[in-house]
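Worksheet: the structure to be examined is printed underneath.
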Protein chains: 2
Amino acid sequence: MELLMQSLKMGINSELYIKDPESSDLGKKIVEHSISMIDEMGFERFTFKKLGLRIKSNESSIYRYFENKHKLLLYLASWYWGWLEYRMVFATNGISDPREKLKKAIEVLTQNVQEDSSVSHINEVVLNRIIVDEYSKSLLVKEVGKEKKDGYFIVYKRLVGRLGKMMEEVDKDYRYPNSLASTVMEGALYQYFLREHFPSLTDCDKNITPTEYFTDLVFSTLKKA
Amino acid sequence: MELLMQSLKMGINSELYIKDPESSDLGKKIVEHSISMIDEMGFERFTFKKLGLRIKSNESSIYRYFENKHKLLLYLASWYWGWLEYRMVFATNGISDPREKLKKAIEVLTQNVQEDSSVSHINEVVLNRIIVDEYSKSLLVKEVGKEKKDGYFIVYKRLVGRLGKMMEEVDKDYRYPNSLASTVMEGALYQYFLREHFPSLTDCDKNITPTEYFTDLVFSTLKKA
DNA sequence: ATAATATGATAGTAAAGCTATTATTTTTGC
DNA sequence: GCAAAAATAATAGCTTTACTATCATATTAT
């Protein structure tokens, strides 16, 4: 667990926080309860003041960890993508057949988090839910210069890159591996979102999973010409 | 033009506005300048106060048209999807071959708006840009009950439904027409977004268009088994 | 035991996101 | 052309958000 924690933290851009939340009890509480509060009330209604009340800590203390709630969301997202990356690399490690490998990767990346595979203070099930609902709001863009933006999203970019590479391994001639990889990653979140909020816009339900849909999509597209 | 305007307005849920912005000069100005201001400063920095200043009108007057800026964004999005729907129906009307028809539909729906095909006071090129950057923020969801939500998105839902139907026409056995349709609609926005902000995550650039990518994706998936 | 560091309490500020009231235009119906 | 109605403007004010600053009090490290 400690080792996992280490490797997860590694990827997270240090500009996303002021003081590393893993370095103290208060920091961990901030992360833990921000996840549940964003899940309960949604990102826009969530404030540091409310979080302070919930964890019986001071608003100003929270500001010593995160510049603002948007950076906190970026931090949570980075953590989530890092965690998924770790699980994906672990699950596909040692599979030599490129098709099998890609299949496994898609499975891990498009499955929603069911079991409480809790790493310490972070509830991945709930985190997964807020990523589905709120991730797109982290992609704020007018605020920030190109270089900074790139830093904030390294983990996500690396993950999409890995998936794209696996697709290339399966079909060297396919012309859009990066687009397909980003489509799968974003599309999976979207299909879960729709299943929850606009079920008529998706075929995913109890019987059909996003994983099944995307596996079919990717392999009919990559099938050697 | 007037007829088009009529049919576009039709679809828009009347709960999205308090007073129909098409019914007055001020209303039109609100719509026109909100589009350019959101484009310039992003949705979160945009306020009714600033808009009032820009159009030399009063903040409180704007509140008589829209409850808040979120509803205004939903209104703009509805308008946009209605406009796209109109163009799609027009462009595919009379094509009898289902594959050709679907191809045309994908073309219209995934193309970014280049020419200034301006309908009256609405600049579709700029509107397209803000939809790419900000649409996901309209999908706020914790705030609002299911029924209301459904109303706000009827136009979008109808459009996805139409596209899904066309896919079914091409391949009756395909199991995920709605998911594929929603993936294409959302995915197109996302690919444009990435092309602009994170080009390494997409293969779309000057030479490869989202249209090309999605056309290939859809037709390799729907190819009769 | 003392100095450094982390946290808490309190206060304050500017802006956002409204609502209310009253005054002034503009429109329209006769 | 005039009165009534409707739309817009001006002004004020309220609550909440999103911070920043200062000072006090714990906690920890040396």
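Labels below follow one simple rule: chain letters A, B, ... track the order of the sequence lines, proteins then strands, and each chain is numbered from 1.
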Please list all pairs passing the side-chain hydrogen bond (donor to acceptor under 3.5 Å, both in side chains) test where one or both residues lie in residues 176-188 of chain A, with sequence neighbours left out. A:Y176-B:E212, A:N178-B:D203, A:S179-B:Q191, A:S179-B:T202, A:S182-B:Q191, A:T183-B:Q191, A:T183-B:Y213
Rounded distance in Å - [atom1] ([X]) to [atom2] ([N]):
{"X": "A:L53", "N": "D:dT16", "atom1": "CG", "atom2": "P", "answer": "13 Å"}
{"X": "A:L51", "N": "D:dA18", "atom1": "CG", "atom2": "P", "answer": "13 Å"}
{"X": "B:K28", "N": "D:dA7", "atom1": "NZ", "atom2": "P", "answer": "15 Å"}
{"X": "A:K19", "N": "C:dT5", "atom1": "NZ", "atom2": "C1'", "answer": "8 Å"}
{"X": "B:M41", "N": "C:dA16", "atom1": "CE", "atom2": "C1'", "answer": "14 Å"}
{"X": "A:L72", "N": "D:dC19", "atom1": "CG", "atom2": "C1'", "answer": "15 Å"}
{"X": "B:Y65", "N": "D:dA9", "atom1": "OH", "atom2": "C1'", "answer": "13 Å"}
{"X": "B:R45", "N": "C:dA14", "atom1": "CZ", "atom2": "P", "answer": "20 Å"}

Rounding to 10 degrees, work out the angle separating the end axes of the helix from C:dA1-D:dT30 to C:dC30-D:dG1 (five pairs an end). 20°
Treating [X] as the side-chain partner and [Y] as the backbone partner, does any N or O pair qualify as donor plus acceptor under 3.5 Å?
{"X": "B:K146", "Y": "A:H197", "answer": "yes"}
{"X": "A:K69", "Y": "A:E44", "answer": "yes"}
{"X": "A:K142", "Y": "B:D39", "answer": "yes"}
{"X": "A:N128", "Y": "A:N112", "answer": "no"}

So, do B:K71 and B:I18 sit near enough that their side-chain heavy atoms are less than 4.5 Å apart? no
Between the protein and nucleotides 18-22 of chain C, are there any N/O to N/O pairs under 3.5 Å, and if so, what are the atom names and distances?
residue: C:dC18; atom: O5'; partner: B:Y63; partner atom: OH; Å: 3.1
residue: C:dC18; atom: N4; partner: B:E59; partner atom: OE1; Å: 3.3

Given the side-chain rings of A:Y135 and A:Y156, with only the six-membered ring counted for Trp, is the space between their centroids under 6.0 Å? yes
For B:F66, report the nucleic acid contact type (base, sugar-phosphate, nothing); a contact means any heavy atom under 4.0 Å. nothing
Mind checking B:T47 for me? I need base, sugar-phosphate or nothing, with any heavy atom below 4.0 Å counting as a touch. sugar-phosphate
Quick one: is [X] getting a side-chain N or O under 4.0 Å of the [N] phosphate, OP1 or OP2?
{"X": "B:K56", "N": "D:dA9", "answer": "no"}
{"X": "A:S24", "N": "C:dT7", "answer": "yes"}
{"X": "B:S57", "N": "D:dT8", "answer": "no"}

Give the ring-plane orientation class for B:F48 versus B:F46, where under 30° counts as parallel, over 60° as perpendicular and anything between as tilted. perpendicular
Parallel under 30°, tilted from 30 to 60°, perpendicular over 60°: which one fits the rings of A:F198 and B:F153? perpendicular
